[in-house]
Asker: 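Just dropping this structure here.
Just so it is clear: chains get the letters A, B, ... in the order the sequence lines come, proteins before strands, and each one is counted from 1.
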Protein chains: 2
Amino acid sequence: MIRLTAKDEDYLETIYRISKTSDTVGVTEVAKARKVTVPTARTAVARLAKDGLVRQQHYGKIILNPSGKKLGEEIFAVHRILRQFLTDALLIEPQLAEQEACRMEHGLSKTTLRRLRLFLEAITNCGGGDPKCLSSYRKELLAK
Amino acid sequence: MIRLTAKDEDYLETIYRISKTSDTVGVTEVAKARKVTVPTARTAVARLAKDGLVRQQHYGKIILNPSGKKLGEEIFAVHRILRQFLTDALLIEPQLAEQEACRMEHGLSKTTLRRLRLFLEAITNCGGGDPKCLSSYRKELLAK
DNA sequence: CAATAATGTAAGAGTCGTCTTACTTTGTCA
DNA sequence: TGACAAAGTAAGACGACTCTTACATTATTG
């Protein structure tokens, strides 16, 4: 089981996100997205490559290996859950929610994430004026 | 304005917490609490001392300066809010909530923390079966 | 197709945060 | 009160992560 640092998770997530909207991922793009210098992004990519998550030919583009893609996807999913909690439950502005999610997303347990997901579902259903609100969350939780 | 790293925030919080139940704080206690070696804790204390947050005489105990106490208190308060959210809203077991709070507590904005606080109040009031639930949170939010 | 722009790489330095090993000081108690 | 235990310190190492400066390769375009 690969154990990444928080920073490397950030880089992998960034690469994953870029790769979804662009068919090539360059070091420069990563650097810009993470607001670091190009050499810094490069060393990060080198670390990820050492772990087999990405590969890159000399002067070539960054390519996600299957394991890297999978992990990037997972990290991004966590990010989305947190962001959704911030926007939908706390009513935080999208832009701030995006930042804050970055800060909270590392190293959370599967348990907490699963419960956060359930909680969000409960909240969302509640939006239509349904008064059962959180009690439904509690029931679901007890059912697992 | 002092800008601590996440780790140093952890150390300061630890020192603050120990100081609340014990009238002297030693490097060894800090090391044990943070699960690091004694020299590691020592270098962390040295960093905090450099920032004027704590002081320590040679071979002496660690003492929180006023600024350190204030900041430690603030950091701990954030920790408590997150822990409460995890236990009271998500119904996470206390022990896990304690850990997870540690991971989420760094670098959150005042806005997010304030809203989380309000949200918790709304949830708590909702516990008695009051159907207004989250709508009260939304109202309060708009009123600020 | 050659000059230039864009992109990527190398080398070297510095801080943070951790460790190990070894040493010093302080406190205790026989 | 002196030996030993407990606590603290020093020195040196290492990886992560960042920077700057300088160099190499690739793409573009005039």
Asker: Could you give the start and end, 5' to 3', of the contact zone on DNA chain C for chain A, using atoms under 4.0 Å from its heavy atoms?
Answerer: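 Extent of the interface on DNA chain C: C/dT7 to C/dA10.
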Asker: On DNA chain D, reading 5' to 3', which nucleotide is the first and which the last to sit with an atom under 4.0 Å from a heavy atom of chain B, could you check?
Answerer: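 Reading along DNA chain D, I get D/dA7 to D/dA10.
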Asker: Can you list the residues that meet the side-chain contact (heavy atoms from CB on, under 4.5 Å) rule with B/Ile81, with sequence neighbours excluded?
Answerer: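 Only B/Leu116, B/Arg117, B/Leu120 meet the side-chain contact (heavy atoms from CB on, under 4.5 Å) criterion with B/Ile81.
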Asker: In residues 13-36 of chain A, which residues come under 4.0 Å of DNA chain D by heavy atom?
Answerer: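 Output list: A/Val36.
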Asker: Sequence neighbours excluded, which residues qualify as side-chain contact (heavy atoms from CB on, under 4.5 Å) partners of B/Arg47?
Answerer: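 With sequence neighbours excluded, B/Arg47 shows a side-chain contact (heavy atoms from CB on, under 4.5 Å) to B/Asp8, B/Tyr11, B/Thr43, B/Ala44, given in chain and number order.
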Asker: Below 4.5 Å, heavy atoms only, C-beta onward: do B/Arg42 and B/Val30 meet side chain to side chain?
Answerer: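 Answer no - side chains too far apart.
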Asker: Locate the shortest heavy-atom distance separating A/Pro94 from A/Thr87; write the atom from each residue and the value.
Answerer: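 Where A/Pro94 meets A/Thr87 most closely, the heavy atoms are CA-CG2, 4.1 Å.
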Asker: Flag the pair B/Ile62 / B/Thr24 as yes when at least one side-chain heavy-atom distance between them is below 4.5 Å, and no otherwise.
Answerer: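 A side-chain contact under 4.5 Å is absent here.
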Asker: I need the minimum non-hydrogen distance between A/Ala33 and A/Ile18, along with the two atoms involved.
Answerer: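 What the structure gives for the nearest pair is CB-CD1, 4.5 Å.
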Asker: With sequence neighbours excluded, what pairs up with B/Thr112 under the side chain to side chain donor-acceptor pair (under 3.5 Å) test?
Answerer: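 Counting only residues at least two positions away or on another chain, B/Thr112 forms a side chain to side chain donor-acceptor pair (under 3.5 Å) with A/Glu100, B/Ser109.
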Asker: Just to verify, what does A/Ile2 make a side-chain contact (heavy atoms from CB on, under 4.5 Å) with, not counting sequence neighbours?
Answerer: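 A/Leu4, A/Asp51, A/Leu53.
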Asker: For A/Arg17, what residues pass the side-chain contact (heavy atoms from CB on, under 4.5 Å) criterion, not counting sequence neighbours?
Answerer: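 For A/Arg17, the residues satisfying side-chain contact (heavy atoms from CB on, under 4.5 Å) (neighbours in sequence not counted) are A/Glu13, A/Phe76, A/His79, A/Arg83, A/Glu98.
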Asker: Kindly state each residue pair satisfying salt bridge (Lys or Arg N to Asp or Glu O under 4.0 Å) with at least one member in residues 58-81 of chain A, sequence neighbours excluded.
Answerer: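 Qualifying pairs, neighbours excluded: A/Lys70-A/Glu74.
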Asker: Quick one: sort the A/Phe119 and B/Phe85 rings into parallel, tilted or perpendicular, breaks at 30° and 60°.
Answerer: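 Geometry flag for B/Phe85 against A/Phe119: perpendicular rings.
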Asker: Does CD in A/Glu93 sit with more than 12 non-hydrogen atoms of other residues, nucleotides or ligands closer than 6.0 Å?
Answerer: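 Counting neighbours around CD of A/Glu93, more than 12 heavy atoms of other residues, nucleotides or ligands fall under 6.0 Å, so yes.
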Asker: Apply side chain to side chain donor-acceptor pair (under 3.5 Å) to A/Gln56 and list each qualifying residue two or more places apart in sequence or on a separate chain.
Answerer: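 For A/Gln56, no residue satisfies side chain to side chain donor-acceptor pair (under 3.5 Å) once neighbours in sequence are set aside.
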Asker: So which one's nearest nucleotide on DNA chain D is more toward 5', B/His58 or A/Ala6?
Answerer: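 With A/Ala6 and B/His58 compared, the 5'-side residue is B/His58.
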Asker: For a 4.5 angstrom cut-off between non-hydrogen side-chain atoms, does A/Arg103 reach B/His106?
Answerer: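 The answer is no; the side chains never approach within 4.5 Å.
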Asker: When you measure from every atom of DNA chain C, which of residues 37-56 of chain B have a heavy atom less than 4.0 Å away?
Answerer: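 Within residues 37-56 of chain B, the residues near DNA chain C are B/Thr37, B/Pro39, B/Thr40, B/Thr43, B/Arg47.
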Asker: What does the inter-axis angle of the helix from C/dC1-D/dG30 to C/dA30-D/dT1 come out as, five pairs per end, nearest 10 degrees?
Answerer: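 Rounded to the nearest 10 degrees, the bend comes out at 0°.
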Asker: Does any non-hydrogen side-chain atom of B/Leu108 lie less than 4.5 Å from one of B/Leu82?
Answerer: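 SC-SC contact between B/Leu82 and B/Leu108 confirmed.
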